[in-house]
Amino acid sequence: MRTEAEQHPIGVFDSGVGGLTVLKALRKELPARDYLYVGDTARVPYGRKPREMVEQFAWEITQFLMDKGAEAVVIACNTASAASLPRLADEMPIPIWGVVEPGVNAACKLTRTGHVGVIGTRGTIDSGAYQDRLRARGLRVWAQACPLFVHLVEEGLAESEEAELLAHHYLDARPPIDTLILGCTHYPLLENVIRRVVGPETAIVSSAEAVATMVRETLGAAPIAPGHQPGKVTHFVTGDAASYRHTAHQIGGVEGEIVKVDSLAPAVA
Ligand code: DGL
């Protein structure tokens, strides 16, 4: 039996399918919850768009999720987290979490040498969101934007030869870091390829698990009672529903209804 609080869905959003890595981690930590997932596939990628524009998207989507009954929102996108937090969290009446802070915390725990790398979209890397936080914790930082990675994932090419070539292109010149933060929620889907390039001795941090643990610790989670089903997921996509289903399926499946929405902006009265 779900508690009253658990009947409220948690909202999760990303520019596309990348945030499904976060959704998966959340469902593992809080299985009884219902989730509303927004994949803003009509406007992907966010990573090359101006910060103000991405911030505006984050506001619109958070409002959309609140209108659908979300009691908390996880920004499952580093670019949108870097662009809109902490302002969005300060001004919204519900808890809002991003993925940058949990990733930084996880890297701080893992590094032994104090030399950490972070890869992300151009928007995330140019914002300095990771670099500033890591340096404030006394670490040395190497940062690299990998703009083409998101396209590979959205095209279902995460395990391809092209992915391997690009991973070498972006990572071969790295200094001797001992920890690498995947500062984009699309990148865990490239983890096998990235692992082959950086080798087994480099710790890889994906903020998906870290943010899911933080949400569970804040909201609390009951196990699923015997005879009860896990919570359900509804996906709202701004682009083509069939191609979202196809890509999501290629990267490990998508449960739940997929609803195409024409606009996330509030209806004008
Ligand atoms: N997955 C997103 C992130 O974590 C955004 C990728 C994009 O749309 O460029 O930054």
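Read the numbers this way: they start at 1 and go in the same order the structure lists the ligands and their atoms.
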Taking the six-membered ring for Trp, are Tyr46 and Phe57 parallel (under 30°), tilted (30 to 60°) or perpendicular (over 60°)? tilted
Ligand-side contact atoms (ligand 1) for residue partner Asn78, heavy atom cut-off under 4.0 Å: 3 (C), 4 (O), 10 (O)
Which one holds for Val150 and ligand 1: side chain close, backbone close, both close, or neither close, with close meaning a heavy atom under 4.0 Å? side chain
Sub-4.0 Å heavy-atom contact, Pro45 with ligand 1: yes
Student check: side-chain heavy atoms of His235 and Val233 closer than 4.5 Å: yes
Ring centre gap for Phe149 and His186 strictly below 6.0 Å: no
Less than 4.0 angstrom from a charged side-chain N to a carboxylate O is my criterion; do Glu257 and Lys232 meet it? no
Is it the side chain, the backbone, both or neither of Thr185 that has a heavy atom closer than 4.0 Å to ligand 1? both
Select one of side chain, backbone, both or neither to describe which atoms of Asp14 lie under 4.0 Å from any atom of ligand 1, heavy atoms only. side chain
Which atoms from ligand 1 have a heavy atom of His186 less than 4.0 Å away? 1 (N), 2 (C), 6 (C)
Considering only heavy atoms of Ser15, which atoms of ligand 1 have at least one such atom less than 4.0 Å away? 5 (C), 6 (C), 7 (C), 8 (O)
Which residue holds the protein heavy atom closest to atom 10 (O) of ligand 1, what is that atom called, and what is the gap in Å? Thr79 OG1, 2.6 Å
What part of Thr121, side chain from CB on, backbone N/CA/C/O, both or neither, has a heavy atom under 4.0 Å from ligand 1? side chain
Which protein heavy atom lies closest to atom 9 (O) of ligand 1, and at what distance to 0.1 Å? Gly47 N, 2.8 Å
In Val118, Val198, Thr111, the residue satisfying side chain to side chain contact (heavy atoms under 4.5 Å, CB included) with Thr179 is Thr111
Cut-off 3.5 Å, side chains only: do Thr185 and Thr21 have a donor facing an acceptor? no
Step by step, would you call Phe13 with Phe236 a ring-ring contact (aromatic ring centres under 6.0 Å, His included)? CA-CA 9 Å; Phe13 76 87; Phe236 298 94; over 10 Å; no
Check each atom of ligand 1 against the heavy atoms of Val44 and keep those under 4.0 Å away; list them by number with element. 8 (O)
Neighbour count >12 (heavy atoms, 6.0 Å) for atom CD, Glu159: yes
Is there a heavy atom of Cys77 sitting under 4.0 angstrom from any atom of ligand 1? yes
Do me a favour and list the nearest non-hydrogen protein atom to atom 7 (C) of ligand 1 with residue, atom name and distance? Tyr46 N, 3.3 Å
Quiz question: by atom type and distance under 3.5 Å, do the side chains of Asn78 and Thr124 form a donor-acceptor pair? no
